[in-house]
Amino acid sequence: MKRAIFFSTVLAFAFSTAAAADAPASKVDAASVTSMTSGWPKASKDAIKNTMEKYGPPHEATSTMLVWHNNGPWKRTIIYSKAVPHHFPMVHDDVMQQWIDFRVKPEKYDEMAQYDGSVVLERTNGEMSARCDKEGANFLAINLAHDVAHGKKSVADARRFYADAIKQMKAGKMPPYMEKFQFDIPSGETGFKDKPAM
């Protein structure tokens, strides 16, 4: 009888530990976020406000960044306290970086870099991110990066499309490329582990 009780206790502990490991991380208190980001630049604060309204408080917070995991279609979202000035297609500050799983052929990397320097490819991880000041702009950047990667648009065409979409947004219209992904997010292994050289 004692063995049965001990065994069932061990099983219950194992299952509760496994469930805790699979549970989403607890979120940071919204009041704490407001307090700790009070000195951050306006672009960061605007991005925080919009992101929290849509996805709730972040899962992690430090003095320099807020992090959301698996928020909506994104694998990860980070809003930074330090803004990176960016002049394409107009002067603004890049403060919010968002990731998806994605694989790009190495021969396309030069074109991707020419298209937009705020689109970042990580071949080992199999991830692509865009860094701008609004989620809509990140959708736009990644949708166009997908088109460039698959030969659907040239670099010049993608840059023209990007600038035109931003003009439409500023005029009060939201182009589909800024609303959601226009392609299916890859599932499965998108990373490239490479091979040992020694």
Full working for side-chain contact (heavy atoms from CB on, under 4.5 Å) between Lys75 and Asp101: CA-CA 7 Å; Lys75 182 176 183 178; Asp101 286 325; 2.7 Å; yes
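- For the pair Arg159 and Phe88, the cation-pi criterion (under 6.0 Å, within 45° of the ring axis) is fulfilled.
- In terms of heavy-atom proximity, Lys180 sits nearest to Asn143 at O-ND2, 2.9 Å.
- Lys108 has its side chain out of reach of Val148: every pair of non-hydrogen atoms, C-beta onward, lies at least 4.5 Å apart.
- To the nearest 0.5 Å, atoms CZ (Arg76) and CD (Glu60) are separated by 10.0 Å.
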Working for side-chain contact (heavy atoms from CB on, under 4.5 Å), residues Thr124 and Asp194: CA-CA 8 Å; Thr124 304; Asp194 212 332; over 6 Å; no
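- Using a 4.5 Å cut-off on side-chain heavy atoms (C-beta onward), Val120 and Met128 make no contact.
- Val28 and Met65 fall into different hydrophobic clusters, where Ile, Leu, Val, Met, Phe, Trp and Tyr are joined by side-chain heavy atoms under 4.5 Å apart, directly or via other members.
- In the model, Asp133 has no side-chain atom that pairs as donor or acceptor with a side-chain atom of His92 under 3.5 Å.
- Atoms CD1 and CD1, on Ile185 and Ile142 in that order, are 7.5 Å from each other to the nearest 0.5 Å.
- A search for side-chain contact (heavy atoms from CB on, under 4.5 Å) contacts involving Asp29 returns Ala31, Ser32, not counting sequence neighbours.
- Between Thr190 and Gly126, the closest heavy-atom pair is OG1-O, 2.7 Å.
- Trp68 and Gln98 share no donor-acceptor pair across their side chains, judged by distance under 3.5 Å alone.
- Put simply, the side chain of Met96 does not reach to within 4.5 Å of the side chain of Ile78, judged on heavy atoms.
- The two residues Ala158 and Tyr115 come nearest to each other via the heavy atoms CB-CD1, 3.7 Å.
- The six-membered or imidazole ring of Phe181 lies near that of Phe139, with a centre-to-centre distance under 6.0 Å.
- Across Val67 and Pro58, no two heavy atoms sit closer than the pair O-CB, 3.4 Å.
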Worked check of side-chain contact (heavy atoms from CB on, under 4.5 Å) between Thr51 and Glu135: CA-CA 8 Å; Thr51 305; Glu135 181 180 42; over 6 Å; no
Throw together a table of side-chain donor-acceptor distances under 3.5 angstrom for residues 166-176, partners on residues two or more places apart or in other chains.
| unit_1 | atom_1 | unit_2 | atom_2 | d |
| --- | --- | --- | --- | --- |
| Gln168 | NE2 | Asp164 | OD2 | 2.9 |

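- Taking hydrophobic clusters as Ile, Leu, Val, Met, Phe, Trp and Tyr residues chained together by side-chain heavy-atom distances below 4.5 Å, Leu140 shares a cluster with Met90.
- Between Lys153 and Asp147, at least one side-chain N (NZ, or NE/NH1/NH2) sits under 4.0 Å from a carboxylate O, which counts as a salt bridge.
- The two residues Val119 and Ala141 make their nearest non-hydrogen contact at CG2-CB, 4.0 Å.
- Among all heavy-atom pairs drawn from Tyr80 and Ser44, the shortest one is O-OG, 2.6 Å.
- With values rounded to the nearest 0.5 angstrom, Glu122 atom CD is found 14.0 Å from Phe102 atom CZ.
- Aromatic ring orientation, Phe161 versus Tyr177: tilted (interplanar angle from 30° to 60°).
- Side-chain contact of His69 with Asn71: a donor-acceptor pair under 3.5 Å is absent, judged by distance alone.
- Between atom CZ of residue Phe183 and atom NE2 of residue His146 there is a gap of 5.0 Å, rounded to the nearest 0.5 Å.
- Following chains of ILVMFWY side-chain contacts shorter than 4.5 Å, one cannot reach Trp99 starting from Met112, and the two form parts of different hydrophobic clusters.
- Annotation: side chain of Cys132 is not in contact with side chain of His86 (no heavy-atom distance under 4.5 Å).
- Considering NZ of Lys193 and CG of Asn125, their distance stands at 10.5 Å, rounded to 0.5 Å.
- Using a 4.0 Å cut-off between charged side-chain N and carboxylate O, Glu189 and Arg103 make no salt bridge.
- Contact of the Val84 side chain with the Asp93 side chain is not registered, since no non-hydrogen atoms from C-beta on lie closer than 4.5 Å.
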Worked verdict on Thr77 versus Gln97 for side-chain contact (heavy atoms from CB on, under 4.5 Å): CA-CA 6 Å; Thr77 294; Gln97 191 167 7; over 6 Å; no
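- With rounding to the nearest 0.5 Å, the separation of CD1 in Ile48 from OG1 in Thr37 is 4.0 Å.
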